[in-house]
Amino acid sequence: MAASMHAAVKLLCRLSPSITLPVRRYQRLPVRLAVPACPGVPPGRFYSNSASLQDGETAQATEALSRYKDRPWEYLDSEEYADRYGTGTVWAEYRRNHKGAIPPQKTRKTCIRGDKICGNPCPICRDPNVIIHPQNVKLLQQFISPHTGQVFDPTRTGVCVRQQKKLNEAINTARDHGLLPFQIAYVDFAGEDYSNSHDAVGSTPSPPFLTSSGSWYSWYGEVKPNEMEVNKVKKTYKAYLKQP
C-alpha cells in the first residue's frame, strides 16, 4: 500500500510541476525573526540597545566585584547583601547535598578546583563577594560563638576545609590586632603559690644540720597516705608485688 502511494506521488509530480513549484518556493523563503516593536526606537537599533544593556550590566557587576575585593567589609552593609541574606548569617540557610539521612561528619576539602566548581559550594565559595579578610569583622563574627568565643565547627557552618583555614588565620590576625575580642579563662591564684616564705622556695638547710630521722624538707614528713587507697593499690597490683 505504501509503495503504491509513493509511486502515485511521483507520477503526479512529473505530470504537474506547477503544483510543486509554489511549495518549493515557499520552502526556500528566508526565515525572518520577529522584532518586538519599541515606540521611538528603530528596528535596526533594537539589538544594539540590548547588547549595550548587557554590557552595562556586566560592567556594573565587574565594578562591584572589584570594589568589594578592595573593601570586602562594605558588602555586608550593602543592599545586595540584605536582599540575599537578610539579617541572618551567610551560612544560616545553607544545606549541603549528601546521600542518605545522616550528613557527612567532615566537610569537603575544597569547592573550586581549577575551573571546576562543585554542584553545591560552601557559603563562602558560592558568593564571590564574600571575601575573608582580617578587617572584615562582621563576617568573622558570624563564625564565632558569642557565648564561648570559640570558632564554630565547619560541620555546623558547612564551610570547606580550605576556607576554614583562611577563617582561622583571619580570626587570629584580627584578635592580635585588637579588632576582635577574645576571652581568657579566669584562674584564682592562691597567695601561697607566690610566697617566698614557703619552705620549697626558702633557704635549704645545709646537710650538717640534718638528723638521721628527719627529712630534707619538713613538709615531706607531714604527708600521710590514705590507708584505704594504699590497700586498694596493693590489691590491684598484688600479682606484681614481691611477697615477703
Side-chain angles (χ1 to χ4, degrees), residues 47-186:
Y47 293 105
S48 61
N49 293 338
S50 61
S52 61
L53 290 176
Q54 293 179 358
D55 295 341
E57 293 177 357
T58 306
Q60 291 179 359
T62 306
E63 183 182 358
L65 184 60
S66 62
R67 182 176 72 253
Y68 295 143
K69 185 177 182 179
D70 298 335
R71 304 174 64 87
W73 48 86
E74 293 183 354
Y75 175 64
L76 277 77
D77 297 331
S78 62
E79 297 180 357
E80 183 180 357
Y81 177 85
D83 295 340
R84 183 167 184 175
Y85 301 103
T87 57
T89 59
V90 296
W91 55 269
E93 299 181 358
Y94 174 77
R95 296 295 181 271
R96 181 183 174 184
N97 297 336
H98 60 85
K99 296 181 180 179
I102 301 176
Q105 300 302 315
K106 294 182 180 180
T107 56
R108 62 174 65 94
K109 293 183 179 180
T110 180
C111 301
I112 303 175
R113 296 182 179 180
D115 298 337
K116 297 181 180 180
I117 304 176
C118 63
N120 187 20
C122 71
I124 297 179
C125 294
R126 67 181 178 181
D127 193 349
N129 295 328
V130 177
I131 302 174
I132 300 175
H133 195 275
Q135 297 181 5
N136 197 356
V137 179
K138 291 186 178 181
L139 177 64
L140 300 180
Q141 287 178 346
Q142 296 181 4
F143 296 89
I144 300 176
S145 174
H147 307 289
T148 61
Q150 297 180 354
V151 182
F152 287 130
D153 193 81
T155 55
R156 179 177 180 181
T157 58
V159 179
C160 62
V161 177
R162 182 180 180 182
Q163 298 294 344
Q164 186 67 28
K165 290 181 179 179
K166 294 182 180 180
L167 271 174
N168 295 334
E169 294 177 359
I171 290 173
N172 293 333
T173 305
R175 287 176 174 175
D176 293 341
H177 294 173
L179 301 177
L180 284 176
F182 58 93
Q183 300 178 359
I184 301 177
Y186 175 75

Side chain proximity check, [X] to [Y], heavy atoms < 4.5 angstrom:
{"X": "Q150", "Y": "Q183", "answer": "no"}
{"X": "I132", "Y": "Q163", "answer": "yes"}
{"X": "C160", "Y": "P154", "answer": "no"}
{"X": "L180", "Y": "Q141", "answer": "yes"}
{"X": "F143", "Y": "T89", "answer": "no"}

Heavy-atom pair of closest approach, residues [X] and [Y]:
{"X": "V130", "Y": "Y85", "answer": "CG2-OH, 4.3 Å"}
{"X": "Q105", "Y": "T155", "answer": "O-CG2, 3.0 Å"}
{"X": "N136", "Y": "I131", "answer": "ND2-O, 3.1 Å"}
{"X": "Y94", "Y": "P121", "answer": "CE1-O, 3.0 Å"}
{"X": "P104", "Y": "R96", "answer": "CG-NH1, 3.5 Å"}

Nearest 0.5 Å please: distance from the [atom1] atom of [X] over to the [atom2] atom of [Y].
{"X": "I124", "Y": "I112", "atom1": "CD1", "atom2": "CD1", "answer": "11.0 Å"}
{"X": "L167", "Y": "L140", "atom1": "CG", "atom2": "CG", "answer": "6.5 Å"}
{"X": "E80", "Y": "E74", "atom1": "CD", "atom2": "CD", "answer": "12.5 Å"}
{"X": "I144", "Y": "T148", "atom1": "CD1", "atom2": "OG1", "answer": "9.5 Å"}

Kindly say whether [Y] contributes a backbone atom to a donor-acceptor pair with the side chain of [X] at under 3.5 angstrom?
{"X": "T107", "Y": "V159", "value": "yes"}
{"X": "Q142", "Y": "V90", "value": "yes"}
{"X": "H133", "Y": "Q135", "value": "yes"}
{"X": "N129", "Y": "Y68", "value": "no"}
{"X": "N172", "Y": "N168", "value": "yes"}

Can you classify the ring geometry of F152 versus W91 as parallel (below 30°), tilted (30 to 60°) or perpendicular (above 60°)?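 If you compare the ring of F152 with that of W91, the planes turn out perpendicular.
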
Take a 6.0 Å sphere around NE2 of H98 and say whether it holds more than 12 heavy atoms from other residues, nucleotides or ligands.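 Check passes, neighbour count above 12.
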
Within a radius of less than 6.0 Å around CZ of R162, do more than 12 heavy atoms belonging to other residues, nucleotides or ligands occur? no

Derivation of the side-chain contact (heavy atoms from CB on, under 4.5 Å) call for D77 and K138: CA-CA 9 Å; D77 297 331; K138 291 186 178 181; 2.6 Å; yes

Under a 3.5 Å cutoff, is there a donor and acceptor pairing between the side chains of Y75 and D127?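 Looking only at side-chain atoms, D127 and Y75 do form a donor-acceptor pair, the distance falling under 3.5 Å.
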
Salt bridge or not between K166 and E169? Use side-chain N to carboxylate O under 4.0 Å. no

